[in-house]
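Structure, as C-alpha cells:
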Amino acid sequence: MKNYIKINPGDNVCVALAPIPAGTQLLADGDQVTVLEDIPQGHKIALSDIGKDQEVIKYGYRIGFAKEDIKKGQWVHTHNVRTALGDLLDYTYEPDGKELKSAPHAYFEGFRRPDGKVGVRNEIWIIPTVGCVNSIASALEKQAARLVKGSIDAIAAFPHPYGCSQMGDDQENTRKALAAMVNHPNAGGVLVLGLGCENSNIPVLKEYLGDIDERRVKFLVCQESEDEMADAMALLEELADYAGTFQREPIDARELIIGMKCGGSDGLSGITANPVVGGFSDLLIARGGTTILTEVPEMFGAETILMNRCADKALFDKTVDLINNFKNYFKRHNQTIYENPSPGNKKGGISTLEDKSLGCTQKSGSALVKGVLDYAQPVSNRGLNLLSAPGNDLVAATALALSGAHIVLFTTGRGTPFASPVPTVKISSNTDLAGHKNHWIDFNAGRLVKPEDGKEENLPSMEELSMELFQYVLSVASGKLVKSEEAGFHDMAIFKQGVTL
C-alpha cells in the first residue's frame with residue numbers, strides 16, 4: 001500500500017500516509033528520494049532541496065517559508081518552516097468558479113413545520129435566557145425525560161453563562177443567538193426559561209423572535225412563579241402534546257442545510273476527511289441544497305480560493321470584509337493574527353496556519369459561494385455560504401446551527417466527543433482513530449488511504465466515499481442517531497466578544 005502522497009504536481013513536499021522510517025526509498029515523479037529521518041503519519045517530507053526563505057509548497061500553494069536550508073528527504077515541520085502570512089491585505093476579484101451541474105433529486109424523512117420550515121429532529125428544547133436559571137433547565141431536562149415517546153426524539157436543555165452583564169454588540173449577539181435557537185426547526189417545542197431581572201429577559205427576547213406559534217413556544221419567568229418546576233413541567237407537557245402531532249414525511253434534499261467544521265486536524269485531514277466533505281457539499285448543492293462553511297481564522301492563507309469562487313463582486317466584497325473584520329477582531333484584543341495551529345494540530349503534522357487553512361477549505365468543494373453570513377444570521381441563499389465565527393469547536397458548531405444548519409459535519413484527526421444543538425457527525429481523517437474511538441466517530445474517511453480490513457483492493461475512490469457520506473447524511477436526516485446523540489449529548493456555546501460587567 002502506498003505510504004506517501006504528493007497532493008499537487010507543483011508541491012515540493014509529500015505527506016506520509018503511514019509512519020515512514022529513515023532510510024526508506026520513495027519514488028516521486030520518477031525521482032528517488034531517501035528519507036533522512038523517521039517521519040510520523042501525516043507529516044511532510046521534502047521532495048527536493050528547499051533553501052532558506054524559499055517557499056514550501058503543499059496543495060499547490062505556499063504554506064510558509066523555510067527557516068533554514070532543508071535537504072531533500074528531510075522532515076518538514078514547525079522546526080524548519082515559518083508562516084508567510086502578514087497583516088491586513090488588499091484583494092482583487094479574479095473569478096474562476098463555475099456553477100455545478102444539477103443532479104437528480106434525493107429525499108429524506110423529515111418534519112415539515114406549519115411555517116414551511118423543515119426539521120430533521122423533533123425535539124423539545126429548554127432555553128434559558130440567562131445563566132442564573134441553568135440548573136433549573138438541567139433539572140427539567142431530567143424530569144421531563146418521560147415525555148420522550150412517539151415522534152418526540154429528545155428533551156434537551158441548553159445552559160449557557162450569558163444573557164446578563166453584557167454590553168453593546170456582545171449582548172446583541174447573545175439575543176440573536178437565543179432567538180435563533182428558539183426558531184430552529186429541529187425543535188418541535190421550546191420552553192424559554194427566564195429569571196426576570198436579566199438584561200435579555202423574556203419581553204426583550206420576544207422582540208428578536210418575530211412571529212411565533214404559541215403552541216410551539218412557551219415562556220416562564222421563574223421569579224414570577226411560586227413553584228417554577230411544577231409550572232415548567234406543565235408547560236413541557238403541553239409542548240409534548242403539540243410536538244407529538246408531527247410525523248416524518250418524505251422531503252426533498254434541497255431543503256437540507258448542512259454545516260461544515262473541522263477541529264483537531266492531522267496531516268491527513270486535508271487529504272481524506274475534508275475533501276470527502278467537499279465532495280459531499282458538491283453533491284448536495286447539485287441537488288439544490290445548502291452548505292455552510294465557517295471558522296474564519298482557518299480561512300487565513302486560503303481566503304483567495306474562496307474569494308475567487310464568489311458568484312459576483314458583491315459577494316467577493318463581503319468575503320473580503322469577513323476576513324479583514326476577523327483580523328481586526330484579533331488586533332483589537334492585541335492578539336497575533338497568524339498564530340500557529342493548536343498543539344494537537346502540530347502533533348498531527350500541521351505546520352503553519354496556511355497548512356491548516358488550505359486543508360480546512362477543502363470542505364467547501366468546488367461550488368460557487370452564494371452567501372456570506374454574519375454571526376447568528378439565518379441562511380437565505382441556497383448553495384455554499386460562508387459564516388463569520390471563530391475556530392473554537394463548540395462555538396463554531398453552535399454558530400452553524402444558529403444560521404440554520406440541520407446537521408453539522410465535523411472532521412477530525414484527533415477525535416472529540418462534543419455535540420452541538422443539532423446532530424454532529426464526527427468524520428475521522430484516519431482509520432486508526434476510527435478504530436480507537438469508535439464510540440465517538442460516525443464516519444471513517446481515512447479509508448481513502450487505509451481500508452479497515454487492510455486490503456488495498458478495497459480502497460474506495462474519493463467520489464465513492466463522498467456519495468457514501470451523502471447517503472449517510474440522508475439517513476441521519478431521517479432519524480439515525482449519531483454517536484454523540486446516542487450518548488445523550490447536547491451542547492451550546494455562544495460567541496462572547498465583549499466586556500462582562
Quick one: do [X] and [Y] make a salt bridge, cutoff under 4.0 Å?
X: Glu237; Y: Arg146; result: yes
X: Arg248; Y: Asp153; result: yes
X: Glu295; Y: Lys356; result: no
X: Glu298; Y: Lys363; result: no
X: Glu207; Y: Arg175; result: no

Relative to the ring of His406, is the ring of His184 parallel (under 30°), tilted (30 to 60°) or perpendicular (over 60°)?
perpendicular
Between [X] and [Y], is any pair of side-chain heavy atoms under 4.5 Å apart?
X: Val276; Y: Ser466; value: yes
X: Arg382; Y: Glu255; value: yes
X: Val482; Y: Tyr472; value: yes

Other residues, nucleotides and ligands only: do more than 12 of their heavy atoms fall within 6.0 Å of [atom1] on [X]?
X: Lys483; atom1: NZ; answer: yes
X: Lys218; atom1: NZ; answer: yes
X: Lys496; atom1: NZ; answer: yes
X: Met229; atom1: CE; answer: yes

Shortest non-hydrogen contact between Gly244 and Ser151, atoms and distance
O-OG, 3.4 Å
For Leu433 and Gly413, the nearest pair of non-hydrogen atoms, with its separation, is CD2-C, 3.6 Å
Between [Y] and [X], do the side chains contain a donor N or O and an acceptor N or O under 3.5 Å apart?
X: Asp374; Y: Ser388; result: no
X: Asn122; Y: Arg113; result: yes
X: Asp266; Y: Ser269; result: yes

Is the gap between the ring centers of His490 and Trp125 under 6.0 Å?
no
Among residues at least two apart in sequence or on other chains, which ones pass salt bridge (charged side-chain N to carboxylate O under 4.0 Å, His left out) with Lys149?
none
Could you tell me if Arg216 sits above the aromatic ring of Tyr242, with its cationic atom closer than 6.0 Å to the ring centre and no more than 45 degrees from the axis?
no
Distance to the ring centre below 6.0 angstrom and angle to the axis at most 45 degrees; does that hold for Lys426 and Phe418?
yes
Does any pair with a residue in residues 371-403 pass ring-ring contact (aromatic ring centres under 6.0 Å, His included), and if so which ones, sequence neighbours excluded?
Tyr375-Phe495
Atom pair CG/CG of Leu368 and Leu315 - distance to nearest 0.5 Å:
9.5 Å
Holding to ring-ring contact (aromatic ring centres under 6.0 Å, His included), I want the full list of residues that pass it with Phe316, two or more places apart in sequence or in another chain.
Tyr93
